[in-house]
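Nothing here was measured: the structure is a model prediction, and the numbers come from that model. Throughout, a chain's letter reflects where its sequence line sits, starting with A, and its residues are numbered from 1.
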Amino acid sequence: MSEVRVRIAPSPSGNLHVGTARTALFNYLFAKKNNGKFVLRIEDTDAERTSQAYIDNIFDSLKALGLNWDEGPDVGGEYGPYTQSERFDIYPKYAQMLLDNGFAYECFCTPEELEHEKEIATANKQAYVYSKKCEHLTPEEKAKLIAEGRKPAIRFNISKAQKAFHPTSELSFNDLVKGELKQNTDLFGDFVIMKSNGTPTYNFAVVVDDMLMKISHIIRGEDHISNTFKQILIYEALGAEVPKFGHLGMILAPDRSKLSKRHGATAVSEFVEKGYLTEALINFVALLGWSPSDGEEIKTVDEIAKDFRIGDVSSSNSIFEYDKLNWMNSHYIKMLDIETLKEKLKPFLTKYDLSELTDAQYTRMVEVTREPLVILSDITDAVPYFFGETVEIEPEVQRDVLDTEVSQEVLKEFARQAKDWEFEEENLHEKLEVFRGEFKEKGIKPKQTMWAIRAAVTGRTRGADMTATLAILGKDKVLKRVEKAIK
RNA sequence: GCUCCCAUCGUCUAGAGGCCUAGGACACAUCCCUUUCACGGAUGCGGCAGGGGUUCAAAUCCCCUUGGGAGUACCA
């Protein structure tokens, strides 16, 4: 196999799923590591479920994750088109080739007839395999059926291909991640490759496309293992070179079922909307099944590419746990430079009037509130007290803090002193230190002193650094809020 | 039902017969730091699914059981 060419072939029947993103990542890594090409192909043969919005979402998500493709619908390439619906005229030709060399035949069975066969099989507790009853139809019989208005589907003659290319009914291949995989192909029925409406089925379209696009390595989820045996036989029947396959374990939800909507976000775009950074998401997903040789888990995609070996990827399923993703996301947020963070936070601050703050104030606000952010959207509930003249006091805060005698005393004294202070951070820092000292002598803990002020100014008992908060709000707002808290 | 895949702390994993008294990360707990929350630092808790083999030696190899996952469409 001369050039390494891998592909990701999502079906646009939904937004880009994190599982697909991981598969895309491993393909991308494999291409990078082996100096190969990464191609994107859109598998939209099922017009019913396809939509342009999903296609756009797939493009955008992949780009946001930094998984740029060398060939694809938008960038083109030598082996296009890269959208299956634009390739519909290609498939019949290859189906005809299989019809001609006897590895496929026309099937006129109706859905009802097929359903009946299945029922009999299940009644006898047998695995269903197509009866092959159309395999040897004579030209006259076919003509009669066609005259009745029936349109044939084309089935692949699996046992014939198996016999032609393999000594026994067992087919095996060496999987890049799982090692030798085998299967008795007698268990597969002759499956349809061209539907009666003239469009190809998945198993046929992929093979034709991968063959024509000269895909050398197919890395995909293990849900495709059984398809692989069928596909290998098609390659052989077509006289094509069979690519190498590698099957990845699946990503499961914490309850070990398939990751679905009810577990929360599943699409990359949904994670982004929730405030996850794509850098964190892709890093996290890389660690599902792969681990760095140096033990350093925080890595960019390019760094991972250098260290990546497909044979090292775990062959078992892995569970998508938010704990580690969250940790990783908070880590990436910490690494963001302030200007970038300010921009990324804006979508989560739309309920506030940012024009109340100068750029310097906004910068400072972000600096002092960024520390505990796990996801970007956490900012929303972290900053309400930086906006508006007054502030909403939480009931418990009113009762447990503001209503106490100590707090009232602190606030009265604060109001008296602070009106002469310059509200600049360094100065406030010194002033507050002295202020705390005064109360400490009266037996009031520094913590209590600060709590009173914090409660009056922010309505909460926890939040950003107090000195910075006071400076950002300015003397007017602070004193107004303090006065209001005094009984 | 049938077929296939998988099996190390709660989770992601390191581990390719002796380096394993099983290592790391996340989570959790405790302590330290501290004007709150947090961050950070330190320590701790916690696992080879079970049973048989093979071998001087098994988390590592084989078999069975169990558990989990996937496939079984004129969906992809």
Please work out if [X] contacts a base, only the sugar-phosphate, or nothing of the nucleic acid, heavy-atom cut-off 4.0 Å.
X: A:G289; answer: sugar-phosphate
X: A:H331; answer: nothing
X: A:L181; answer: sugar-phosphate
X: A:A205; answer: nothing
X: A:T461; answer: base
X: A:E371; answer: base
X: A:K445; answer: nothing

>> Please determine whether side chain to side chain donor-acceptor pair (under 3.5 Å) holds for the pair A:T83 and A:S85, giving the CA-CA distance in whole Å, both sets of side-chain angles, and the decisive distance to 0.1 Å.
In response: CA-CA 6 Å; A:T83 300; A:S85 57; 5.7 Å; no
I'd like the [atom1] distance from [M] over to [N], given in whole Å.
N: B:rA16; M: B:rU60; atom1: P; result: 12 Å
N: B:rU65; M: B:rG1; atom1: P; result: 14 Å
N: B:rA27; M: B:rG40; atom1: P; result: 9 Å
N: B:rU11; M: B:rU3; atom1: P; result: 29 Å
N: B:rU72; M: B:rA14; atom1: P; result: 30 Å
N: B:rG47; M: B:rA7; atom1: C1'; result: 13 Å
N: B:rG10; M: B:rC45; atom1: P; result: 14 Å
N: B:rU21; M: B:rG67; atom1: C1'; result: 29 Å

>> The test is ring pair (Phe, Tyr, Trp, His ring centres under 6.0 Å); show your working for A:F320 and A:F271 and say whether it passes.
In response: CA-CA 13 Å; A:F320 192 102; A:F271 281 94; 5.6 Å; yes
Could you check which nucleotide pairs with [N] in any of the strands shown, counting Watson-Crick or G-U wobble with both distances under 3.5 Å?
N: B:rC19; result: none
N: B:rC28; result: B:rG44
N: B:rA70; result: B:rU3
N: B:rU35; result: none

Just the rounded figure in Å: distance from [atom2] of [N] to [atom1] of [X].
X: A:K182; N: B:rU3; atom1: NZ; atom2: C1'; result: 15 Å
X: A:D378; N: B:rC39; atom1: CG; atom2: P; result: 12 Å
X: A:N283; N: B:rC12; atom1: CG; atom2: P; result: 17 Å
X: A:D312; N: B:rC12; atom1: CG; atom2: C1'; result: 16 Å
X: A:M328; N: B:rU11; atom1: CE; atom2: P; result: 18 Å
X: A:L288; N: B:rC12; atom1: CG; atom2: C1'; result: 7 Å
X: A:K447; N: B:rC33; atom1: NZ; atom2: P; result: 12 Å
X: A:F320; N: B:rU13; atom1: CZ; atom2: P; result: 13 Å

>> Nearest to the A:A127 side chain among B:rU35, B:rC2, B:rA38, which nucleotide is it?
In response: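 Nucleotide nearest to A:A127's side chain: B:rC2.
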> Of A:F191, A:F245, A:F173, A:Y235, which is the lone residue that meets ring-ring contact (aromatic ring centres under 6.0 Å, His included) with A:F229?
Replying inline: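 The single option meeting the ring-ring contact (aromatic ring centres under 6.0 Å, His included) with A:F229 is A:F173.
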Pair [X] + [Y], salt bridge at N-O below 4.0 Å:
X: A:K324; Y: A:E297; value: yes
X: A:D294; Y: A:K299; value: yes
X: A:K133; Y: A:E135; value: no
X: A:R262; Y: A:D255; value: yes

> When rounded to the nearest 0.5 angstrom, what distance separates OG1 in A:T467 from CG in A:N427?
Replying inline: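 Those atoms lie 10.5 Å apart.
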>> Between A:F26 and A:F308, is the ring centroid distance below 6.0 Å?
In response: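 Centroid separation for A:F26 and A:F308: below 6.0 Å.
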>> Can you confirm if the aromatic rings of A:F204 and A:F156 lie within a centre distance of less than 6.0 Å?
In response: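 Centroid separation for A:F156 and A:F204: 6.0 Å or greater.
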Nucleotides 21-26 of chain B: which of its N/O atoms have a protein N/O under 3.5 Å away?
from   : atom 1 : to     : atom 2 : distance (Å)
B:rA25 : O2'    : A:E297 : OE1    : 2.6
B:rA25 : O2'    : A:K324 : NZ     : 3.2
B:rA25 : N3     : A:K324 : NZ     : 3.2
B:rC26 : O2'    : A:D323 : O      : 3.3
B:rC26 : O2'    : A:K324 : N      : 3.2

>> Assuming nearest nucleotide by heavy-atom distance, tell me which of A:W290 and A:R309 is located more 5' along RNA chain B.
In response: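 Closer to the 5' end of RNA chain B: A:W290.
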> Any side-chain donor paired with an acceptor under 3.5 Å for A:K230 and A:T185?
Replying inline: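 No.
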>> Is a donor from one side chain sitting under 3.5 angstrom from an acceptor on the other, for A:Y91 and A:D209?
In response: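 Note: A:Y91 and A:D209 side chains meet the donor-acceptor criterion.
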> Tell me, for nucleotides 67-76 of chain B in 5' to 3' order, what letter each nucleotide earns: B for a base near a protein heavy atom under 4.0 Å, S for only sugar-phosphate near one, - for neither?
Replying inline: --SSS--BBB
